[in-house]
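Worksheet: the structure to be examined is printed underneath.
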Amino acid sequence: MEIIFYSAKRYDNEYFNLSNEKYQQKLRFVEDRLTPETVDLIKQESVVCAFVNDVLDQEVLSLLAQRGVKLVALRCAGFDNVDLNAAKKYNIKVIRVGSYSPNSVAEHALCLMLALNRKVYESYNRVKDGNFSIDGLLGFDFSGKTIGIIGTGKIGLILSRITQAMGMRVIAYDLVKNPECEKLGVEYVDIDTVFAQSDVISLHCSLNKSTKHFIDASALNKMKGSVMLINTSRGAVIDTCAAVEALKSKKIGYLGMDVYENEQGLFFEDLSCQTIEDSVFNSLLSFPNVLITSHQGFFTKNALENIANTTLENIQKFEQGVDLSDEELQ
Ligand code: NAD
């Protein structure tokens, strides 16, 4: 099949071309993000391979249908950027890679926790500058502290395992209890208890109507003072303006973000020679206790291999009319 890859980076090219030695599909990579303005880049491709910040709303899906696109293959797990009802209306099948390496994201959440606590980014800069003072770098032991995990699916489960092994008490909130977490001894509690008792809160729920701005001013008010808040799920789970206010009042003591609600057009791009005109983002950058990475939680060799293999395998199944129910969204 002919497949166009939007938002394609060098590493997508590399991993998909390697995997494609087995599948022999016709791949074309474009760097542009999928938007109404870039649909015209499609030539005769009937499959669009898209990523987290590509736009797949009603307008784009209707344009894709007009161009004869039959399949949207997301090379990611989250699908909050897709209007699934519109896809159904236009008879476009949507698939994703539901699980490629939940370890990669859970380990990145842990990385943000550790780096923020021990201010590794600050000590790295100090040592490079010949400043060997440790004043101001004081951390705390995670052992004995409570972590609240919101969303205990694949990634939340792994972070539960890791933090439990570090001696933390793990409490959790999810609409559905994960039996694997229950086996570990994770305590499911109501959301207000998570807010009230957690020293660290890590977000691992999907973004949907019920989780948009789940962490708003009212939720932040219920948290312990100086709480550590980690978000590797989707940016819009946090109301960023409310988080900025909570940083100012010191309600949030540490903020680790791998995702940001207005990350489209910002994350994944090299804008080092430009002025960033997002005042909320610039405000976040001004706090020494905020650590932002640009959506790299998924970015491990293992994950890229699995993403490429699963995506091409599923496209081949689609071509052959084989059942895709595991990865199919509509
Ligand atoms: P998953 O589907 O296994 O788990 C998501 C969990 O969220 C489910 O258990 C679900 O019940 C829960 N949930 C949904 N609505 C909720 C609500 N209102 N309250 C509480 N819990 C709720 O997904 P996963 O593989 O663990 O991934 C979690 C999220 O991480 C993805 O949806 C994606 O947005 C994000 N993600 C980020 C990266 C990254 O690079 N930073 C990579 C992969 C996934």
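Positions are given from 1, in the same order as the sequence printed here. Order of listing sets the numbers, starting from 1, for every ligand and every atom in it.
The ligand atoms of ligand 1 that sit less than 4.0 angstrom from a heavy atom of H295 are 39 (C), 40 (O), 41 (N). The G297 neighbourhood of ligand 1 comprises atoms 40 (O), with distances under 4.0 Å to a heavy atom of that residue. Near Y173, with a cut-off below 4.0 Å to any heavy atom, the atoms of ligand 1 are 19 (N), 20 (C). Of all atoms in ligand 1, numbered sequentially from 1 with element shown, those under 4.0 Å from a heavy atom of N208 are 14 (C), 15 (N). Heavy-atom contacts of V105 reach the following atoms of ligand 1: 38 (C), 42 (C), 43 (C) (cutoff under 4.0 Å).
Of the protein's heavy atoms, R234 NH1, 3.6 Å lies nearest to atom 33 (C) of ligand 1. The protein heavy atom nearest to atom 40 (O) of ligand 1 is F298 N, 3.0 Å. H204 O, 3.4 Å is the protein heavy atom nearest to atom 28 (C) of ligand 1. Residue, atom and distance of the protein heavy atom nearest to atom 37 (C) of ligand 1 are T232 O, 3.1 Å. Protein heavy atom nearest atom 27 (O) of ligand 1, with residue, atom name and distance: I155 CD1, 3.3 Å.
For the residue pair E277 and T275, no side-chain donor N or O sits within less than 3.5 Å of a side-chain acceptor on the partner. A side-chain donor-acceptor contact under 3.5 Å links D270 and S272.
Taking all heavy atoms of K154, K209, R96 into account, the minimum distance to atom 1 (P) of ligand 1 is reached by K154. The option with the heavy atom closest to atom 17 (C) of ligand 1, from among V97, N231, T211, is T211. Here atom 10 (C) of ligand 1 lies nearest to D174 when heavy atoms of N81, D258, D174 are compared. The heavy atom nearest to atom 29 (C) of ligand 1, considering only G151, A106, G156, C205, is found in C205. Nearest to atom 31 (C) of ligand 1 by heavy atom, out of S206, G153, G98, is S206.
One finds a salt bridge joining R28 and E45 here, because a Lys/Arg side-chain nitrogen approaches an Asp/Glu carboxylate oxygen to under 4.0 Å. Salt-bridge formation is detected for the pair D40/R67: a Lys NZ or Arg NE/NH1/NH2 atom is positioned less than 4.0 Å from an Asp or Glu carboxylate oxygen.
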From CA spacing to verdict: salt bridge (charged side-chain N to carboxylate O under 4.0 Å, His left out), K222, D192: CA-CA 7 Å; K222 294 175 189 164; D192 282 353; 3.4 Å; yes
Stepwise salt bridge (charged side-chain N to carboxylate O under 4.0 Å, His left out) check, R10 with E14: CA-CA 6 Å; R10 185 187 50 77; E14 185 185 330; 3.4 Å; yes
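Of the polar atoms of Y100, none of the N or O atoms is found under 3.5 Å from an N or O of ligand 1, judged by distance alone. Residue S210 places at least one N or O, backbone or side chain, under 3.5 Å from an N or O of ligand 1.
Under the 4.0 angstrom criterion for non-hydrogen atoms, S233 is in contact with ligand 1. In this structure, F79 falls outside the shell of residues with a heavy atom less than 4.0 angstrom from ligand 1.
The only option from K70, Q66, Q58 that meets the side chain to side chain donor-acceptor pair (under 3.5 Å) definition with Y90 turns out to be Q58. Put simply, the residue from R126, K119, R118 that forms a side chain to side chain donor-acceptor pair (under 3.5 Å) with E122 is R126.
How far CE of M168 is from CD1 of I149: 8.5 Å, rounded to the nearest 0.5 Å.
Taking the six-membered ring where the residue is Trp, the centroids of Y188 and Y173 are separated by 6.0 Å or more. Ring-centre distance between F298 and F51: below the 6.0 Å cut-off.
Tracing side-chain contacts under 4.5 Å through hydrophobic residues (I, L, V, M, F, W, Y), one never reaches Y254 starting from L229; they form parts of separate clusters.
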